[in-house]
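Reading through the structure tokens given below for one structure.
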Amino acid sequence: EKGTYPHFMLKEIDEQPPVIRRIIQEYQDDHDNIKLDPEVRQAMRDTDRVYIIAAGTSYHAGLVGKQFMEKLANVPVEVHIASEFSYNMPLLSEKPLFVFISQSGETADSRSVLVRIKELGHPALTITNVPGSTLSREANYTLHLHAGPEIAVASTKAYTAQIAVLAILAVDTAKAKGLDLDFDPLQELGIVASVMESLTDQKDEFEMLAKELFAETRNAFFIGRGMDYYVVQEAALKLKEISYIQAEGFAGGELKHGTIALIEDGTPVIAINTQANVNLSIRGNVQEVAARGAKTCVVSLEGLEKDTDSFVVPQVHELLTPLVSVVPMQLLAYYAALHRDCDVDKPRNLAKSVTVE
Ligand code: F6R
């Protein structure tokens with residue numbers, strides 16, 4: 001039930017801090033260590049390459065998950081859009097492990113890949129919000145997101161739950177392989193939950209920003225580099241699916257290779273800036289579009305901010321920034337849709353679970 005909320009989407013955005021806290025609880029043992037199905041642990045140890053298969057928002061979570069697994073656990077990862085995989089199957093490694101990420105667990109595109117790889121005899125792990133779902137039943141192993149039912153068509157709390165579980169899985173794998181890490185994901189996720197709360201407490205700010213940026217526009221661009229590039233792809237998807245504004249997320253450095261031609265007077269360009277190593281380059285990109293008339297908005301991580309930035313997100317561990325930088329993007333999309341009188345929870349032409357290929 002929506003309770004006092006006008007829309008499920010807003011309620012689900014607000015549920016993100018408690019969901020992260022529930023994940024911490026569910027994946028923690030009595031000694032504050034990670035608690036995980038030993039079979040999943042073994043499968044992650046045994047594989048020489050993980051193939052993440054997903055669609056839409058879950059695919060965007062997979063892109064972040066790849067960074068965790070490669071940077072923390074030294075496991076090579078490929079991330080594939082489910083609908084492309086079957087027809088365009090890459091050469092597989094010797095011991096592949098397939099990881100299906102799906103809120104609903106019912107996405108037909110992902111299921112057809114699962115059927116195919118089972119025929120080939122490869123193991124599969126499903127990360128889902130619905131444990132009894134098709135993708136969960138048909139895979140060898142399941143990790144549960146514990147996000148509670150997600151009703152709004154636009155996915156919000158499932159995305160952050162997926163990223164949190166992927167971080168825990170990556171660290172667990174690193175530990176199982178005997179790698180030395182000074183990163184405690186459970187503790188860091190606790191900080192993330194508090195920061196998320198401080199963001200959802202500032203809705204008025206995002207409502208104002210959304211009005212400034214999106215009231216009249218027909219299109220909008222999101223830019224970022226590194227981790228932020230994955231989040232801007234999700235930001236653009238959120239905005240387009242509920243507000244019908246044509247939106248794209250680009251790698252900052254790619255702008256000059258074509259997209260910058262689209263910038264006109266007043267085109268909104270939103271930059272996410274949470275990664276110290278690309279701070280200067282992304283700021284350069286913002287200047288380039290501003291010089292061509294773009295209406296710019298920079299969302300920075302604390303420590304990288306400048307006075308002219310539109311919003312500063314309090315600090316979290318730099319690997320976990322997508323969990324917090326996405327919240328302003330979800331709220332911007334929500335208010336853009338609200339003020340354009342769109343049906344926020346049930347956007348046209350879309351269904352919550354896509355059970356056709
Ligand atoms: C976007 C959205 C879709 C889903 C996609 C995959 O907000 O909801 O892009 O993420 O259809 O769905 P699941 O995760 O259920 O497989």
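Quick caveat: nothing in here was measured; it's all calculated off a predicted structure. Remember, it's 1-based here, ligands and their atoms both numbered in the order they're listed.
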Hey, is Ser353 one of the residues with a heavy atom under 4.0 angstrom from ligand 1?
-> no

Is the closest side-chain donor-acceptor distance between [X] and [Y] under 3.5 Å?
X	Y	result
Asn74	Glu70	no
Glu150	Ser155	yes
Asn285	Arg225	yes

Which residue and heavy atom of the protein sit nearest [atom], plus the separation:
atom	result
atom 6 (C) of ligand 1	Ala55 O, 3.4 Å
atom 12 (O) of ligand 1	Thr107 OG1, 3.5 Å
atom 7 (O) of ligand 1	Glu241 OE2, 2.5 Å
atom 15 (O) of ligand 1	Ser104 OG, 2.7 Å

Taking Pro314 as the fixed residue, which of Val192, Leu301, Val195 is the one that meets the side chain to side chain contact (heavy atoms under 4.5 Å, CB included) rule?
-> Val195

I'd like to check which ligand 1 atoms, numbered from 1 as shown, lie under 4.0 Å from a non-hydrogen atom of [X].
X	value
Ala154	7 (O)
Lys238	1 (C), 7 (O)
Ser58	10 (O), 13 (P), 14 (O)
Ser102	13 (P), 14 (O), 15 (O), 16 (O)

Over 12 foreign heavy atoms within 6.0 Å of NZ, Lys256 | yes

Pairwise distance CZ(Arg21) to CG(Leu186) - rounded to 0.5 angstrom =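 So the CZ of Arg21 and the CG of Leu186 are separated by 14.0 Å.
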
Could you see which bit of Thr57 sits under 4.0 Å from ligand 1, with heavy atoms only: side chain, backbone, both or neither?
->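 Under 4.0 Å from ligand 1, Thr57 contributes backbone and side-chain atoms.
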
Side chain, backbone, both or neither: the part of Lys352 lying under 4.0 Å from ligand 1 by heavy atom =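 Answer for Lys352: neither.
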
Using salt bridge (charged side-chain N to carboxylate O under 4.0 Å, His left out) as the criterion, list what pairs up with Glu78, not counting sequence neighbours.
-> Arg49

